[in-house]
Amino acid sequence: MTKIDEKLQPILDDVLRRNAGETEFLQAVQEVLESLGRVIAKHPEYADHALIERICEPERQIIFRVPWVDDAGQVQINRGFRVQFNSALGPYKGGLRFHPSVNVGIIKFLGFEQIFKNALTGLPIGGGKGGSDFNPRGRSDGEIMRFCQSFMTELYRHLGEYTDVPAGDIGVGAREIGFLFGQYKRLTNRYEAGVLTGKGLVYGGSRARREATGYGAVYFVNRMLATRGEGFDGKRAVVSGSGNVAIYTIEKIREFGGKVIACSDSNGYIVDEAGIDLELVKEIKEIRRGRISEYVDLKSGSHYVEKGSIWDVPCDVAMPSATQNELTGKDAGTLIRNGVTAVGEGANMPSTPEAVRLFQEAGVMFAPGKAANAGGVATSALEMQQNASRDSWTFEQTEERLAAIMHDIHDRCAATAEEYGVPGDYVLGANVAGFVRVAEAMQAMGVI
Ligand code: GLU
């Protein structure tokens, strides 16, 4: 474990004390503060006016009741959240997650990560996150719609294209964004396209937004591999998850000449040595909203492993793209023994701190989520830009912007790591490069 700077330790202690029990939030804060010692040594002014303490405290946290009626006529109650973490660089921006594991600590960790991720894109977006402990699994379209309408009935008063702009995350895709946008429009009597991103193409969505997080992560890892004269060509890759991020990660790896042999969902994983049949995965997940185990019934030569760890499958490149803390120290040990050369996080904080440490000690190239998965939110900012100018770009134009942004994030993280004396440490590079941008804006604005 990196030792934390003595000036920063009391700040961390205070965050620990004031947010007791919020495990994931504390993990995210600790990781960032571990990176900041070198910054404070060089620029002590960044610690002035309790700037770091202020960054660790959300500007506003909204928690609300979400009542709705299920198909059986029963009243259900869920809890809604929106944490508006930091608006120094632009309106709060970040997704909504609908998953039974959601609580205030999860939303705060995601919101905190989002601040630095969004800063790294170089685009004018602050950091926020929201969601609910609502479980969409097995719910009808009507139930999803009524839930989304009830959720927005409270949330709308806190949003606005210049205030706070949500998007999707786990459990929130194009269908949910449509219902949320419809209800926002109805409540406000305003066609304010830029208030939500991830919209459908016919009502103000951006081309390539759906593909952006996965494609972006692959662009980042490809650039990272290039620093060692390598690429995806001929590499075996494992991508955990089978949602939006995983699907488009697999698609881009294939385009770059790699072979993805395994993917998963929360019940288990599939292995297909011939290379995952992506059309089949899309059919199962995007159209049927089914489980990944259905794959093996439709594709011979593949097999399904229930429970177990997908990281037992030997590969050259691992891209955890499911959820937080899905890749443990034990998994990292297995991947290293099996010869992994690069790890790129498509999900938010999927590797535990111990896993990250093991990868770095073993000399495995490691791309942290807040840099590698920034392509999704970057393309959301491009969607906002198109909405503001009432324009609609082509797929090629949008993907070109995305690729350029990802290369720029990679290069900035690499250059920052080098500048601070730890070349190749993308964790430090991302934390510091993101922090400096936010810190400078906050300093300019005084104590707010
Ligand atoms: N939920 C995504 C993320 O983790 C996207 C957020 C957005 O597009 O606003 O960055």
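When reading the values below, keep in mind they use all heavy atoms of this one structure, side chains included, and skip hydrogens, waters and symmetry mates. Atoms within each ligand, like the ligands themselves, are counted from 1 in listed order. Everything quoted here is computed from the prediction, not taken from an experiment.
Using a 30° and 60° split on the angle between ring planes, F232 and F256 fall in the tilted class, from 30° to 60°. Relative orientation of the F112 and F116 rings is perpendicular, given thresholds of 30° and 60° on the angle between their planes.
Neither the backbone nor the side chain of E113 has any atom closer than 4.0 Å to an atom of ligand 1 (non-hydrogen atoms only). With a 4.0 Å heavy-atom cut-off, ligand 1 is reached by no atom of N373. Proximity of K117 to ligand 1, defined as any heavy-atom pair under 4.0 Å, is confined to the side chain (atoms from C-beta onward). At a heavy-atom cutoff of 4.0 Å, ligand 1 is contacted by the side chain of R209 but not by its backbone.
In this structure, CD on E283 lies 12.0 Å from CG on L278, to the nearest 0.5 angstrom.
Within ligand 1, counting atoms from 1 as listed, the ones closer than 4.0 Å to a heavy atom of A167 are 7 (C), 8 (O), 9 (O). Each of the following atoms of ligand 1 lies closer than 4.0 Å to a heavy atom of N348: 4 (O).
Protein heavy atom in closest approach to atom 9 (O) of ligand 1: K93 NZ, 2.7 Å. Nearest to atom 8 (O) of ligand 1 among the protein's heavy atoms is S380 OG, 2.6 Å. For atom 6 (C) of ligand 1, the closest heavy atom belonging to the protein is G95 N, 3.5 Å.
Checked by atom type and distance alone, the side chain of T121 pairs as donor or acceptor with a backbone atom of N118 at under 3.5 Å.
Y156 and Q183 share no side-chain donor-acceptor pair at under 3.5 Å.
For Y191 and F181, the ring centers are positioned less than 6.0 Å apart. Ring centroid separation for the pair W68 and F151 does not come in under the 6.0 Å cut-off.
Considering both main-chain and side-chain atoms, G168 comes within under 3.5 Å of ligand 1 through a nitrogen or oxygen pair.
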Quick one, E192 with Y184, criterion side chain to side chain donor-acceptor pair (under 3.5 Å). Give me CA distance, side-chain angles, the key distance, then yes/no.
CA-CA 9 Å; E192 197 183 329; Y184 182 86; 2.8 Å; yes
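Heavy atoms of R97 come nearer than 4.0 angstrom to ligand 1 in no pair at all.
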